[in-house]
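Index from 1, following the sequence.
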Amino acid sequence: MVVWLPVTGKDAEEFLNSVLIRNEKDVEGVSKEMKLIAAHSASHGHEEVAKFPLLLRVRSTFLPRSEYCHDIPLIDLLSLDHRQDATTAALVEAAACWGVFQVVNHGLPTSVLEGAMAVTKEFFSMPEEEKQAYAQDYESGRVQGYKSTLDSIRMTRTLGSQLEYILQPEPLSIKDKWPSTPAAYKDVIEEFGKGVYKLLVRIVELLLAGLGVSKTSKTNRMLKGNLIQMLRLGSYEPCPQPEMVVGFKPHLDHTFLTASVQDDIGGLEVNKDGQWYKVAPIPGAIVIILGDQIQTITNDNFKAVQHRVVLNPNSSRNSIVCAITPSSDTIVSPALELVDDAHPALYHPYSYADFRLATFQNWYTGQEGLDKFRTQLHQGGTADQASKSPTIGLDSPLNIIAAIKPRNQNPKSIQPHQDFDFQTPILLKQGTLVA
């Protein structure tokens, strides 16, 4: 495992070389010690050192190496405000090399994470008839709510039950229909959702900044003004032969970023270079997964990572997944700062609604939603061929107008649930949901 910490001066380097990290408490202790060393260095006139921290890899032994992959980056956000350049560099390297990483000291109190997991487990432990009171009903257009294991198998080939809701923006959130049991559900999930939303937006901003996309770019403004936040609570029953089935099939998320909180059972795996790696369930950590939309806006500087859920033969598994995506009318394309003659755009601009339609059409074919929008250069053509294809970027006035102008549809056919999309392909066509 890799623990990323900002390092200032020789004293800090010697300290890290001598320390042994065995658990999360040790990580917090090291982080505090590093802040003291940095302050001491600055007070003794070593400011030039304090401004240019190094990144060291610290060996950790607090999880069994045979069970989990210890090379998936674990990034400490404790000193983000004081050592932003170092933390940004760590995030960019993790995103570019793995497409997934874990973060600690992320701003969400442990009590919030534990509370969210507690209400998740309590909800799924209720009798089935009580959970069915919150069931989704695609025929009536109700796509938020509870989905049983049988429905999950039928619709998404997923061997687990789920509870799915839109958290933001407020007009799409149906909080009056959230579960009333457990009693703490609404307050806990609302606090959890707000914290994760802030975290994900911050990480996207840092990743773009690390690639040279300015804070004032229209790419960043698009992210702030047109985001949908979605929540999925999951429960997966034990399986005596887990090698024969998959809890959630291998897939790419259709999001900018996805945050995942695992219980101590684990089960999340990511694919890197054709090999599957188990993601360690670290107490207090949040797993960050890159999705298709950040792959597009970074022009393949970052790639969405394929991942899956495997079942446990003895224990049930619970997870909390929260993601941010564009709204349906948002136009997505590579950021202008990342496109030039040497690095032409690899994707045509597309509306997120069109992307979802392509994803729905490709769901059972093995193709990905992005395949339809790749330029000829991305598909093996030449730069000259790519230049003849539409390459209007997010900063184009035409795209800005398209992003805020309502689509040419009958207003009565536009329902709040049309913006709900996670990995499940849902298409609103002439007022009818197709799944």
Side-chain angles (χ1 to χ4, degrees), residues 108 112-113 115-126 128 130-149 151-152 155-156 158 160-201 226-236 248 253-263 286 289 291 309 318-328 352 356 414-428 433 435:
L108 276 79
V112 172
L113 298 183
M117 185 59 69
V119 298
T120 297
K121 292 182 177 181
E122 188 175 347
F123 175 84
F124 287 112
S125 67
M126 295 185 339
E128 183 65 24
E130 293 184 26
K131 291 181 287 189
Q132 282 295 331
Y134 308 102
Q136 299 176 7
D137 183 357
Y138 283 81
E139 291 186 1
S140 66
R142 189 171 68 244
V143 298
Q144 300 186 54
Y146 172 69
K147 184 161 54 182
S148 68
T149 298
D151 286 336
S152 296
M155 298 178 62
T156 63
T158 300
S161 53
Q162 298 157 3
L163 186 64
E164 302 171 324
Y165 286 102
I166 295 177
L167 300 184
Q168 293 194 48
E170 287 291 337
L172 301 183
S173 179
I174 53 171
K175 293 180 182 179
D176 58 319
K177 293 182 172 57
W178 285 11
S180 56
T181 305
Y185 176 89
K186 291 184 179 180
D187 290 340
V188 169
I189 292 301
E190 190 164 14
E191 184 177 5
F192 172 83
K194 289 179 179 178
V196 172
Y197 182 87
K198 182 178 178 180
L199 173 66
L200 292 180
V201 170
N226 297 278
L227 290 179
I228 307 294
Q229 182 188 19
M230 296 165 295
L231 171 78
R232 170 182 285 156
L233 311 182
S235 177
Y236 302 84
F248 206 116
D253 284 352
H254 307 149
T255 64
F256 284 116
L257 291 180
T258 300
S260 177
V261 177
Q262 304 189 88
D263 62 11
I286 297 178
I289 300 170
V309 172
N318 291 101
S319 64
I320 308 171
V321 178
C322 206
I324 52 174
T325 76
S327 60
S328 291
Y352 188 61
R356 287 164 49 203
I414 302 177
Q415 304 296 329
H417 57 251
Q418 78 177 79
D419 277 312
F420 184 81
D421 177 45
F422 215 103
Q423 291 92 2
T424 308
I426 298 170
L427 170 65
L428 183 69
L433 279 167

What pair of heavy atoms forms the shortest contact from Ile228 to Pro169, and how long is it? CD1-CD, 3.4 Å

Is there a side-chain contact (heavy atoms from CB on, under 4.5 Å) between Arg356 and Ser328 once you walk through the steps? CA-CA 8 Å; Arg356 287 164 49 203; Ser328 291; 2.6 Å; yes

Determine whether more than 12 heavy atoms belonging to other residues, nucleotides or ligands lie under 6.0 Å from atom CD of Glu191. no

CA sep, side-chain torsions, deciding dist, call: Tyr134, Ser180, side-chain hydrogen bond (donor to acceptor under 3.5 Å, both in side chains): CA-CA 10 Å; Tyr134 308 102; Ser180 56; 3.1 Å; yes

Please name the pair of heavy atoms, one in Thr258 and one in Leu200, separated by the smallest distance, quoted to 0.1 Å. C-CD2, 4.4 Å

Residues in side-chain contact (heavy atoms from CB on, under 4.5 Å) with Lys175, at least two apart? Glu170, Ser173, Trp178, Glu190

Enter the distance from His254:NE2 to Met230:CE here, rounded to the nearest 0.5 Å. 10.0 Å

Residue pair Ser319, Tyr236: steps toward the side-chain contact (heavy atoms from CB on, under 4.5 Å) verdict: CA-CA 9 Å; Ser319 64; Tyr236 302 84; 4.1 Å; yes

Closest heavy-atom pair, Val201 versus Ile324, reported as atoms and distance to 0.1 Å, is N-CD1, 4.2 Å

Closest heavy-atom pair and its distance - Ser148, Gln132: CB-NE2, 3.9 Å

Hey, what do you get for CG (Leu231) to CZ (Phe192), rounding to the nearest 0.5 Å? 7.0 Å

If the plane angle is over 60° it's perpendicular, under 30° parallel, otherwise tilted; pick one for Phe124 and Tyr146. tilted

Run the side-chain contact (heavy atoms from CB on, under 4.5 Å) check on Tyr185 and Leu233 step by step: do they pass? CA-CA 12 Å; Tyr185 176 89; Leu233 311 182; 3.7 Å; yes

Any chance you could lay out the side-chain contact (heavy atoms from CB on, under 4.5 Å) test for Leu108 and Val196, step after step, and finish with the verdict? CA-CA 8 Å; Leu108 276 79; Val196 172; 3.7 Å; yes

So which atom in Leu199 and which in Ile286 form the shortest heavy-atom distance, rounded to 0.1 Å? CD2-CD1, 3.9 Å

Applied to residues 176-186, the salt bridge (Lys or Arg N to Asp or Glu O under 4.0 Å) test, sequence neighbours excluded, yields none

Taken to the nearest 0.5 Å, the spacing of Asp253 CG from Thr325 OG1 works out to 11.0 Å

Can you name the one residue among Lys131, Met126, Glu130 that meets side chain to side chain contact (heavy atoms under 4.5 Å, CB included) with Glu128? Lys131

Gln144 and Ile166 have their tightest heavy-atom pair at OE1-N, 2.8 Å

What's the separation between atom CD in Gln262 and atom CD1 in Ile320, rounded to the nearest 0.5 Å? 11.0 Å

When you measure from the side chain of Asp263 to the backbone of Asn318, do you find a donor-acceptor pair of N or O atoms at a distance under 3.5 Å? yes

Is it the case that the side chain of Gln136 and the backbone of Gly145 share a donor-acceptor pair, with hydrogens and angles ignored and the cut-off at 3.5 Å? yes

